[in-house]
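Data block below; observations after.
Predicted, not measured: the structure shown is a model, and the values here were computed from it. These values consider heavy atoms only, across backbone and side chains, with no hydrogens, waters or symmetry-generated copies. First listed ligand is number 1; within each ligand, the first listed atom is number 1.
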Amino acid sequence: MIRDIQDSILRLKKEKDIAILAHSYQSPDILEIADYKGDSYQLSVIAQTLSCSTVVMCGVRFMAETLKMLSPEKKVILPVATATCPMAEQISPERVLAFKKDNPEYKVVAYINTTAELKAVCDVCVTSSSALKIVSNMKEKNILFIPDKNLGTYIKEQLPEKNIIVWDGCCPIHNAVTVSDCIKAKKLHPNATILMHPELPKEVLAYGDVIGSTSAIINYALAHDDECIIGTEKSIADYLSLVKPEGKFYQLSKKLMCHDMRITTIMDVYKAMLGTGGEEIILEDQLRLAAKNPIEAMIQLGG
Ligand code: 13P
Ligand code: SF4
């Protein structure tokens, strides 16, 4: 059944000139039929090179919006309209504008997990894999980092020469992991390498052997280690177990399940390809152009 749907999707891709992009958190049956898969930075960079007329973005809304900003001439479809990142909506643009008014000497760095409206009032975007390089490459010293306090604190600690104020937002999924989860996991698997996403809280990251984006975690586990504790969304440990069956990949905590990233099914992708499901992303020109500036700055500083 799944194979049949996958075959129909592969046929429709050719017939309708559609590319499928999938974030690494998507399910294996979607990753299998994707033209490109990766973390949010890789997907943004790929977006600029696509020659197709339509892109189906399997992930959450801010990822589809970013594609639309970079490729306005393409039709961009999000297969499930309600798939969003709760962190992306944690601050209103008005609060950032108020901060900028009171602190004109600060540049605002936004994690890419933000709405288009929020990006439009920020200076530079970053992703988990590019944040360190980009903030370090910025000539400005005074920086407001929004919205993720955990990624922001991680960057602040790595770059003591910068004056970074960190907003108090977070990913509710990663932020729920505790030190006690780390102690339990280490006790159960004392020889495993612990790979962690920087959206985890500071006290949890202290237990990490390697800290990196979803792609960095996958690449490290595939290249180096056969026994790993995976400190990010469950899909990554599941994926690694599938592609490296001789390895042992454990989830750091059962709490690491993102409903929004898991909501898209292969059937939703099929319906989006047929034109009977999903939502076409429409961004009004003024908003799109304003929101694109920090994304372009990200690609320039991160390249
Ligand atoms: P990446 O930057 O690793 O793609 O992570 C995005 C994300 O939403 C993690 O929760
Ligand atoms: Fe957003 Fe967290 Fe889900 Fe990533 S895991 S999409 S940051 S809620």
Atoms in ligand 1 with a heavy atom of D39 nearer than 4.0 Å: 1 (P), 3 (O), 4 (O)
Answer yes if the side chains of T178 and D181 hold a donor-acceptor pair under 3.5 Å, and no otherwise. yes
Taking the side chain from K68 and the backbone from P72, do they hold a donor-acceptor pair closer than 3.5 Å? yes
At a 4.0 Å threshold, what atoms of ligand 2 neighbour a non-hydrogen atom of M87? 7 (S)
So if I count the atoms of ligand 1 from 1 in the order they appear, which ones are less than 4.0 Å from some heavy atom of S128? 1 (P), 2 (O), 3 (O)
Within the structure, is a non-hydrogen atom of M87 found at a distance of less than 4.0 Å from ligand 1? no
Just heavy atoms, cut-off under 4.0 Å: does Y41 contact ligand 1 by side chain, backbone, both, or neither? neither
Checking N175 against N150: is there a side-chain donor and acceptor pair closer than 3.5 Å? yes
When you measure from the side chain of Q251 to the backbone N and O of I229, does any donor-acceptor pair fall under 3.5 Å? no
May I ask you to say whether E65 pairs ionically with K119, meaning some side-chain N is under 4.0 Å from a carboxylate O? no
Backbone, side chain, both or neither: what part of T232 comes under 4.0 angstrom of ligand 1, heavy atoms only? neither
Decide whether the shortest distance between a heavy atom of E233 and an atom of ligand 2 is less than 4.0 Å. no
Ranking M261, E199, H197, M257 by closest non-hydrogen atom to atom 7 (S) of ligand 2, top hit is E199
Is it true that the side chains of D268 and T265 contain a donor and an acceptor less than 3.5 Å apart? yes
Under 3.5 Å, N or O to N or O, is N113 touching ligand 1 that way? yes
Part of H23 with heavy atoms under 4.0 Å of ligand 1, whether side chain, backbone, both or neither: side chain
I need the nearest protein heavy-atom contact for atom 1 (Fe) of ligand 2: residue, atom name and distance, please. C85 SG, 2.3 Å
Flag the pair D226 and K244 as a salt bridge only when some basic side-chain nitrogen lies within less than 4.0 angstrom of an acidic carboxylate oxygen. yes
Any nitrogen or oxygen of Y25, side chain or backbone, less than 3.5 Å from one on ligand 1? yes
Below 4.0 angstrom, N of the basic side chain to O of the carboxylate: do K141 and E105 qualify? no
Using a strict cut-off of 4.0 Å, indicate which atoms of ligand 2 neighbour a heavy atom of C171. 2 (Fe), 5 (S), 7 (S), 8 (S)
Considering heavy atoms of the protein only, find what lies nearest to atom 3 (Fe) of ligand 2 and give residue, atom and distance to 0.1 Å. C258 SG, 2.4 Å
among protein heavy atoms, the one nearest atom 8 (S) of ligand 2 is P86 CD, 3.3 Å
Non-hydrogen atoms of N113 versus ligand 2: any pair closer than 4.0 Å? yes
Between E15 and R11, is a salt bridge (Lys or Arg N to Asp or Glu O under 4.0 Å) present by the stated rule, with each step listed? CA-CA 6 Å; E15 275 173 26; R11 187 174 35 78; 3.5 Å; yes
